[in-house]
Amino acid sequence: MTDLDFRQDTVYAPAGPHTTNLADILERVLDKGIVIAGDIKIDLLDIELLTIRLRLFVASVDTAKKAGIDWWETDPALSSHAARNALLDENRELRARLEALESQAPDESQAPDESRASGPKQSSQSRN
């Protein structure tokens, strides 16, 4: 008999329930992701008063990125990089608006009009 042959006198332990601890479950959920979805409707006499739609996606950051979810990277409240970009965009927009307003205003470097220089026009007819 070779080493690869099974011996008949070997005793195997009976297969029992496989125990899993919370860390293993959490690791599996974060690795694969889990979606919980539900709707809550409140009706009164067949009139819909309120509908709440819940969608919950629990996963690790890597799993969420693989699923195309990365809103935390662009939310200024959650990301300092996004907040900095939001401020730069706002600054750029304000500068463009200021430039547009300045281009609409009359050029101050030219000599002022005679009508402005002489002040308000007086009526040629005098009132008695």
Side-chain angles (χ1 to χ4, degrees):
M1 213 175 215
T2 65
D3 290 337
L4 296 177
D5 292 337
F6 289 104
R7 306 212 184 264
Q8 293 187 7
D9 58 343
T10 306
V11 178
Y12 294 101
H18 180 59
T19 60
T20 306
N21 61 16
L22 182 60
D24 292 338
I25 295 171
L26 186 59
E27 181 181 345
R28 188 174 304 147
V29 165
L30 292 177
D31 184 45
K32 301 294 183 186
I34 186 170
V35 175
I36 301 170
D39 295 333
I40 299 171
K41 277 188 169 183
I42 299 176
D43 295 340
L44 179 65
L45 299 174
D46 292 331
I47 299 171
E48 186 175 315
L49 298 177
L50 178 67
T51 299
I52 299 173
R53 304 187 84 181
L54 300 172
R55 304 297 180 259
L56 178 65
F57 179 58
V58 179
S60 68
V61 171
D62 293 334
T63 305
K65 283 185 178 181
K66 288 177 187 175
I69 301 170
D70 62 352
W71 52 264
W72 61 88
E73 292 178 351
T74 57
D75 189 348
L78 299 174
S79 170
S80 61
H81 181 68
R84 186 171 37 253
N85 287 345
L87 286 174
L88 289 173
D89 290 343
E90 183 180 6
N91 192 358
R92 200 173 303 121
E93 180 184 327
L94 288 173
R95 287 180 186 270
R97 289 176 61 192
L98 179 61
E99 186 176 314
L101 288 172
E102 286 177 344
S103 68
Q104 291 176 357
D107 193 7
E108 299 292 329
S109 64
Q110 295 178 350
D113 293 353
E114 290 180 15
S115 61
R116 284 189 185 171
S118 63
K121 289 187 178 181
Q122 297 180 1
S123 175
S124 59
Q125 299 175 348
S126 61
R127 295 184 182 176
N128 289 341

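Atom CG of residue D62 and atom CG of residue L30 lie 10.5 Å apart, to the nearest 0.5 angstrom. In this structure, CZ in F57 is found 10.0 Å from CD1 in I34, a value given to the nearest 0.5 Å. One distance of note links CG of L22 with CD1 of I25; it measures 6.0 Å at 0.5 Å rounding.
Cluster annotation: V35 is not connected to V29 through the hydrophobic network of ILVMFWY side chains, with a link wherever side-chain heavy atoms come within less than 4.5 Å.
The main-chain N or O of D46 is never found under 3.5 Å from a side-chain atom of D43 such that the two would form a donor-acceptor pair. Although no hydrogens or angles enter the test, the distance criterion places a donor-acceptor pair under 3.5 Å between the side chain of R55 and the main chain of G38.
The two atoms that bring G33 and A59 nearest to each other are CA-CB, 3.8 Å, heavy atoms only. The minimum heavy-atom distance linking K32 with T63 is given by the pair O-CG2, 3.8 Å.
Looking at R28 and D31, no side-chain N of the basic residue comes within less than 4.0 Å of a carboxylate O on the acidic one, giving no salt bridge.
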(Q) Is there a side chain to side chain contact (heavy atoms under 4.5 Å, CB included) between R97 and L94? Walk through the geometry before answering. (A) CA-CA 5 Å; R97 289 176 61 192; L94 288 173; 4.1 Å; yes

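A 6.0 Å sphere centred on CD of E48 holds more than 12 heavy atoms belonging to other residues, nucleotides or ligands.
A side chain to side chain contact (heavy atoms under 4.5 Å, CB included) with I40 is found for exactly one of L54, T51, L50, namely L54.
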